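To start, the structure under review is shown below, and the notes come after it.
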Protein chains: 2
Amino acid sequence: MGKDARTGGRSRRARVTLREVAQEAGTSPSTASRALAGHGYVAEGLKARIEAAAARLGYVPDVSARSLKGRSSGLVGLVVSDLRNQFYAALAAGVEQTLAAAGHQMVLVDDHGSDTQALDGARAFLAMRAAGVLLAPVGRTATELLVEHGTPVVEVDRRSGVRSCDAVTIDSERGAREAVSHLLELGHRRIAMVLDETVWGTGRDRLKGYRAAHRAAGVPLARRLVLDLGLRPADPQGDVAAFLDANPDVTAVFAANNLVAEAVWQELQRRGSAVPKDCSVVSFDDLTWMRIVEPGLTAVRQPVYEMGRTAAELLLERIAGERGRARTHTLEPEFVLRGSTSAPGTPAEQTP
Amino acid sequence: MGKDARTGGRSRRARVTLREVAQEAGTSPSTASRALAGHGYVAEGLKARIEAAAARLGYVPDVSARSLKGRSSGLVGLVVSDLRNQFYAALAAGVEQTLAAAGHQMVLVDDHGSDTQALDGARAFLAMRAAGVLLAPVGRTATELLVEHGTPVVEVDRRSGVRSCDAVTIDSERGAREAVSHLLELGHRRIAMVLDETVWGTGRDRLKGYRAAHRAAGVPLARRLVLDLGLRPADPQGDVAAFLDANPDVTAVFAANNLVAEAVWQELQRRGSAVPKDCSVVSFDDLTWMRIVEPGLTAVRQPVYEMGRTAAELLLERIAGERGRARTHTLEPEFVLRGSTSAPGTPAEQTP
DNA sequence: CTGTTAGCGCATTCAA
DNA sequence: TTGAATGCGCTAACAG
């Protein structure tokens, strides 16, 4: 093909193996292996020759062969539910950063909120002998499968209920309690909560926080004020619209996550409700747009990137051989006061 | 440890191998291999027995061993420059979706805009015998290394200049031309352009479009109206502020990407400039927040997710053996008119 | 249709 | 300090 000239005449097809490097350096494969790996004794001069040969030939060790010998590939799996959601993207970024620094690669699987797809991912991780797996569970099956096979697992953001693995979560209940307490202190008495999964995951804990805040303030709870959009709602904004029509006495909305917050915000905007005068809004999760809009959204900021980092660190310890029993790290959310909340019927005092 | 009871009594440590499955089914490894892989002839009864045995034992094939025999692992690499940027997250999501549907796994590397880190990633992909690699190049080295080693490569969003690989990009020049023409038609004559890399990548093409629009309208170009923030600016908003102070006659700003757009928008907001009355704004790239803010940002929408899908499809064809010469797909951006643009000194007419 | 043989690239014994 | 031998788990020839 001629165009191989630039590569120094070597064929583009043939992988350079350790044997060839050894030949080029006039030694044996095993010596070359030791020289390149840095283990065991190799004479300085020989070592230099071998390294030179490897560089000249463009040698790249084959991890397949390596992990076939040893225990695992250096790969670490990550399963998230929606990469297009900034929350998961930030999580993945934190994980990747930590993993890369430790010389591992991240294999990313998007399960789109489906347990089945998460399970497929888990199987793939098993097949590639992943050193460990991080996942935001959508069920127990994936975690169970991995744990059964002895793969270190760290759950992130949510818990599957499997006891025998580490986890890093954010204190959803506390964050929700603070957010709702804030609204109660401002004088709100009919605070709606909108979420997309009541029975499981973070939604449940945030609902607990919502209730706890009401109890602490001695404000009665009304079932009708909780809107559960269900998993992956088709038209969240439409559902919010219907809800607000049915409950016109609501003076504030607590949105349980960024997806819900967007639907609420857009709907309030669409119907021309003034925030916070007509309706206060607090979001759990703080995305870029929430500090850009006018007024800024009062929100519960989650240390997402840090959560990814922490989870990856925990996993790396397990991979390194840490044997202790399952640990759970709980990170603290941070309440960020902006302009979308005020006493009922009052315009915002300030917009930072 | 006792807790293995649930797994059916098998040890958690030992991987189940094909040999064990074969033994369990009372046959040979190669027959078991054929039965499980689906290739070659195997009697129906035996096949069922083998499958049952595999299921019973929880057998998971070892891809390391498989790729050691054959050509490559099923892994596909993706290199992006900043996963926390919604643009890249969407790109990755599109890629993942397509790859997963084809039974491949995606290994994601974030190079943080550094050529060195991209090169590290490329080496890792080589080491794992990746079936192919997708990358948004930050230089030529990574692409060159991969191509030299015969790994199929598809470049996304940007071009490195390496001729011998496929690429999928968006027509930056055209998108920029349309955006700037729109401003010119509204009557703007001093339109600033803000970007973060003039000499390379998409910034260069968008600058071309900016110039082309001016030439087409017969409006002279002023060098001082182009603000180049440089790669990874420390304080983009501060730079924009200084620029606007130095060029108070500017009536419109064309932001070359979402990062720049955010800096521009925040700075205009900070100094209390009314958009579009005091200053019109157009963004290249259309993120969530741009349609949420008031007024909505007029923007050039890029089909990012689709770009990821297309690139992955191209790569899959190469992996499947497609031999033709390098192809380039150019996707068309879409101009989205919202409320952030109007004739100089005019408030927005409407806010959709 | 099935089993035996061989070898992918490497790291790790063990002898020299 | 070095090299020859071995086997990780799997699949592709081949022979039966």
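Nothing here was measured: the structure is a model prediction, and the numbers come from that model. The sequence lines fix the lettering, A, B, ..., with proteins before strands; numbering per chain opens at 1.
In this structure, the CG atom of B:Leu18 is 12 Å from the P atom of C:dG3, given to the nearest Å. The nearest whole Å value for the distance from the CG atom in B:Leu68 to the P atom in C:dA6 is 18 Å. Spacing between atom CZ of B:Arg19 and atom P of D:dC8 amounts to 6 Å, rounded to whole angstrom units. Rounding to whole angstrom units, CD of residue A:Glu20 and C1' of C:dC8 are separated by 13 Å. Following rounding to the nearest Å, B:Gln23 (CD) and D:dC10 (P) show an atom-to-atom distance of 13 Å. Separating the CG atom of B:Leu46 from the C1' atom of C:dG3 is a distance of 11 Å, rounded to the nearest angstrom. Rounded to whole Å, atom P of C:dG7 lies 18 Å from atom CG of A:Asp62. B:Arg15 has its CZ atom 13 Å from the C1' atom of D:dC8, to the nearest Å.
Closest contact between the side chain of B:Ala43 and the listed nucleotides C:dC1, D:dG3, D:dC10 involves C:dC1.
Nucleic acid contact class of B:Ser30 (heavy atoms, under 4.0 Å, all strands): base. Within the 4.0 angstrom heavy-atom criterion, no nucleotide atom of any strand lies near A:Pro29.
More than 12 heavy atoms of other shown residues, nucleotides or ligands fall within 6.0 angstrom of atom CZ in A:Arg327.
Taking the nucleotide of DNA chain C with the nearest heavy atom to each of B:Tyr41 and A:Arg34, the more 5' of the two is matched to B:Tyr41.
At the phosphate of D:dT11, OP1 or OP2 sits under 4.0 Å from a side-chain N or O atom of B:Arg66. The side chain of B:Thr31 places an N or O atom within less than 4.0 Å of a non-bridging phosphate oxygen (OP1 or OP2) of C:dG3. Phosphate contact (OP1/OP2 of C:dG3, side-chain N/O of B:Thr27, threshold under 4.0 Å): present. In this structure, A:Ser33 reaches the C:dA11 phosphate: one of its side-chain N or O atoms is under 4.0 Å from OP1 or OP2.
Under the 3.5 Å distance criterion, the side-chain polar atoms of A:Arg232 are matched with a main-chain donor or acceptor of A:His112. In this structure, the side chain of B:Thr98 does not engage the main chain of B:Glu313 through any donor-acceptor pair within 3.5 Å.
B:Arg15 and B:Asp62 are not joined by a salt bridge, as no carboxylate oxygen comes within less than 4.0 angstrom of a charged side-chain nitrogen.
When every heavy atom of B:Val138 is checked against every heavy atom of B:Ala118, the shortest pair comes out as CG2-CB, 4.0 Å.
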